[in-house]
Student: 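Sharing a structure, written as structure tokens. Questions coming.
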Amino acid sequence: MIKSMTGFGRGVGVSEALTITLDLKSVNNKYLDIQVKMPGYLYPYEDTIKTAIKKVIGRGRIDVYVKDEKCATAKSAISVDRQLARKMYDVLDEMRSELAIEEPINLSHILLNNEILEFKPAKLDEEIIRSTLQTAVESAVEAAMVMKVREGELLFGDLSRILDELLEIILRIEQRAPLMVEEYRERLKARIQNLVTDLSDYDQDKIHSEVVFYAERSDINEEIVRFQSHLRQFRETMSTGGPSGKKLDFIAQELHREINTISAKSNDSQITEDVIEVKSRIDKLKEQVQNIE
């Protein structure tokens with residue numbers, strides 16, 4: 001069954017030391033293009049995200065946003081540069097005396113130097129990070145796929161309706177095609193009769209040759225057969241699993257090529273009207289196919 005290229009999913013991975021929230025947004029694109037935005041310390045695990053996505057999604061622009069939250073219980077450390085703190089105090093005390101400032105020096109003045117206190121976050125185990133991230137991305141992909149499948153079902157119904165309409169019109173053209181030659185024969189006879197007194201005096205072989213030439217030049221049976229074959233192939237491709245958007249787009253182009261040939265060969269007002277209807281529906285078909293993975 002076909003799937004849409006548009007979808008959204010959110011996944012959360014939770015461990016004792018870390019919580020990761022991952023948002024995945026998928027939109028139309030000719031190829032698979034995965035872009036990831038996340039905290040710097042997670043960059044080494046970017047392949048973990050991309051590999052999980054590639055296993056399930058075959059085409060589209062995938063934007064991934066990763067947010068993290070370290071648990072308060074995770075062990076962290078704060079180091080104090082006491083020697084620098086004393087130097088800071090001495091400098092401030094000297095300045096206070098020189099400027100005759102009565103205000104006493106307090107701790108907040110000393111801590112204006114950001115290098116005195118250094119916060120060292122807890123070092124997380126690599127396997128914990130990887131497994132937490134894996135859980136988040138798999139959950140996000142699963143949620144996105146639910147939306148992509150649901151959208152795909154709607155596309156399937158719409159495309160099926162268009163295919164039914166195309167088949168109805170091409171069958172109408174098929175029924176009209178033989179009459180086109182006979183009507184040409186009658187028009188040819190009428191034109192000749194306007195030029196000669198007795199049609200029986202005119203060389204009938206010439207009329208027959210002209211009609212045969214017209215019939216061969218305007219024969220659209222092969223194009224009609226190929227058009228119907230493309231319609232069947234389109235339906236079959238829609239019903240198979242896996243990415244099928246590129247193939248469906250190619251088949252739609254073939255449908256357009258066949259109807260263009262039919263239009264060029266036929267010189268019939270009714271068929272011309274039907275050709276316009278077919279082209280309009282093929283354009284709708286191609287537009288919808290752009291949304292299929």
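Index from 1, following the sequence. Keep in mind it's a predicted model, so treat the numbers as computed, not measured. The figures here come from the full heavy-atom set of this structure, side chains too, leaving out hydrogens, waters and symmetry mates.
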Student: Donor-acceptor pair, distance only, cut-off 3.5 Å: does the side chain of Ser244 make one with the backbone of Thr240?
Tutor: no
Student: Do Ile292 and Tyr31 sit in the same hydrophobic cluster, where Ile, Leu, Val, Met, Phe, Trp and Tyr count as joined when their side-chain heavy atoms come under 4.5 Å apart?
Tutor: no
Student: Is it the case that Asp274 and Gln270 place a side-chain donor and acceptor less than 3.5 Å from each other?
Tutor: no
Student: side-chain hydrogen bond (donor to acceptor under 3.5 Å, both in side chains) for Asp33 and Gln35? Distances and angles first, verdict last.
Tutor: CA-CA 7 Å; Asp33 179 22; Gln35 300 294 325; 2.9 Å; yes
Student: Give a yes or no answer on whether the side chain of Thr135 reaches the backbone of Ser131 with a donor-acceptor pair at less than 3.5 Å.
Tutor: yes
Student: Would a distance-only check, ignoring hydrogens and angles, find a side-chain to backbone donor-acceptor pair under 3.5 Å from Ser263 to Ile259?
Tutor: no
Student: Under the 3.5 angstrom rule, does the side chain of Asp125 hit a backbone N or O of Ile128 as a donor-acceptor pair?
Tutor: yes
Student: Under 3.5 Å, is there a donor-acceptor pair between the side chain of Ser280 and the main chain of Ile276?
Tutor: no
Student: Would you call Lys87 and Asp90 a salt bridge, taking side-chain N to carboxylate O under 4.0 Å as the test?
Tutor: no
Student: Is it true that, when you exclude Glu126 itself, more than 12 heavy atoms of the residues, nucleotides or ligands shown sit nearer than 6.0 Å to its CD?
Tutor: no
Student: Taking Thr19 for its side chain and Ser15 for its backbone only, find out whether a donor-acceptor pair lies under 3.5 Å.
Tutor: no
Student: For a salt bridge (charged side-chain N to carboxylate O under 4.0 Å, His left out) check, start with the C-alpha distance between Glu254 and Arg257, then their side-chain angles and the critical distance, and finish with the verdict.
Tutor: CA-CA 5 Å; Glu254 290 298 297; Arg257 186 173 70 85; 3.1 Å; yes
Student: Start with the C-alpha gap between Asp68 and Thr21, add the side-chain angles, then the distance that decides, and say whether side chain to side chain contact (heavy atoms under 4.5 Å, CB included) holds.
Tutor: CA-CA 6 Å; Asp68 70 321; Thr21 302; over 6 Å; no
Student: Give the C-alpha distance, both sets of side-chain angles, the deciding distance and a yes or no for side chain to side chain contact (heavy atoms under 4.5 Å, CB included) between Asn291 and Glu151.
Tutor: CA-CA 9 Å; Asn291 298 317; Glu151 292 292 327; over 6 Å; no
Student: Show the nearest heavy-atom pair for residues Ser139 and Gly11, with the distance to one decimal.
Tutor: CB-CA, 3.7 Å
Student: Any donor-acceptor pair under 3.5 Å linking the side chain of Ser26 with the backbone of Met5?
Tutor: yes
Student: Got a salt bridge between Arg281 and Asp164, using NZ or NE/NH1/NH2 to carboxylate O under 4.0 Å?
Tutor: no
Student: With a cutoff of under 4.5 Å between side-chain heavy atoms, which Ile, Leu, Val, Met, Phe, Trp and Tyr residues group with Met95?
Tutor: Val91
Student: Output, in order, the C-alpha distance, side-chain angles, deciding distance and verdict of salt bridge (charged side-chain N to carboxylate O under 4.0 Å, His left out) for Asp47 and Lys50.
Tutor: CA-CA 5 Å; Asp47 283 344; Lys50 291 185 175 182; 5.8 Å; no
Student: Between His230 and Phe227, is there a donor-acceptor pair closer than 3.5 Å when you use the side chain of the first and the backbone of the second?
Tutor: no
Student: Can you tell me if CD on Glu142 sees more than 12 non-hydrogen neighbours from other groups inside 6.0 Å?
Tutor: no
Student: Donor-acceptor check, side chain of Gln290 to backbone of Lys286, threshold 3.5 angstrom: yes or no?
Tutor: yes
Student: Name the one of Leu117, Ile116, Ile110 that satisfies side chain to side chain contact (heavy atoms under 4.5 Å, CB included) with Asn113?
Tutor: Ile116
Student: Apply the test side chain to side chain contact (heavy atoms under 4.5 Å, CB included) to residues Leu18 and Glu69: give CA-CA distance (whole Å), side-chain angles for both, the deciding distance (0.1 Å), then the verdict.
Tutor: CA-CA 6 Å; Leu18 180 68; Glu69 181 181 349; over 6 Å; no
Student: Working note: Arg232 + Glu236, criterion salt bridge (charged side-chain N to carboxylate O under 4.0 Å, His left out); need CA distance, chi angles, decisive distance, verdict.
Tutor: CA-CA 6 Å; Arg232 289 192 296 271; Glu236 292 171 359; 5.9 Å; no
Student: Would you please test Arg86 and Arg82 for side chain to side chain contact (heavy atoms under 4.5 Å, CB included) and show each step?
Tutor: CA-CA 6 Å; Arg86 292 191 185 96; Arg82 288 179 170 79; 4.0 Å; yes
Student: Verify the cluster assignment for Phe156 and Leu154: are they in a single hydrophobic cluster under the rule of side-chain heavy atoms below 4.5 Å apart?
Tutor: no
Student: With clusters defined by side-chain heavy atoms of hydrophobic residues (ILVMFWY) lying less than 4.5 Å apart, directly or transitively, does Met145 cluster with Met147?
Tutor: no
Student: Examine Val141 and Leu42 and state if one hydrophobic cluster contains both, with Ile, Leu, Val, Met, Phe, Trp and Tyr joined whenever side-chain heavy atoms are less than 4.5 Å apart.
Tutor: yes
Student: Inspect the surroundings of OH in Tyr41 and state if more than 12 heavy atoms from other residues, nucleotides or ligands are less than 6.0 Å away.
Tutor: yes
Student: Is the shortest distance from a Lys or Arg side-chain nitrogen in Glu223 or Arg226 to a carboxylate oxygen in the other one below 4.0 Å?
Tutor: yes
Student: Consider side chain to side chain contact (heavy atoms under 4.5 Å, CB included). Of Leu24, Thr48, Val36, which one does Ile53 pass it with?
Tutor: Leu24
Student: Which of these, Arg59, Lys148, Lys247, Lys246, sits in a salt bridge (charged side-chain N to carboxylate O under 4.0 Å, His left out) with Glu293?
Tutor: Lys148
Student: Are Leu107 and Leu84 linked, directly or through intermediate hydrophobic residues, by side-chain heavy-atom contacts shorter than 4.5 Å (ILVMFWY only)?
Tutor: yes
Student: When rounded to the nearest 0.5 angstrom, what distance separates CD in Glu94 from CD1 in Ile105?
Tutor: 10.5 Å
Student: Tell me, yes or no, whether the heavy-atom count around Arg10 atom CZ, taken from other residues, nucleotides or ligands under 6.0 Å, exceeds 12.
Tutor: no
Student: Before accepting this row, confirm whether a basic side-chain N of the pair Lys25/Asp23 lies closer than 4.0 Å to the acidic partner's carboxylate O.
Tutor: no
Student: Under 4.5 Å between side-chain heavy atoms, chaining through other members, with only Ile, Leu, Val, Met, Phe, Trp and Tyr counted: pull out the rest of the cluster around Val14, sorted by chain and number.
Tutor: Val12
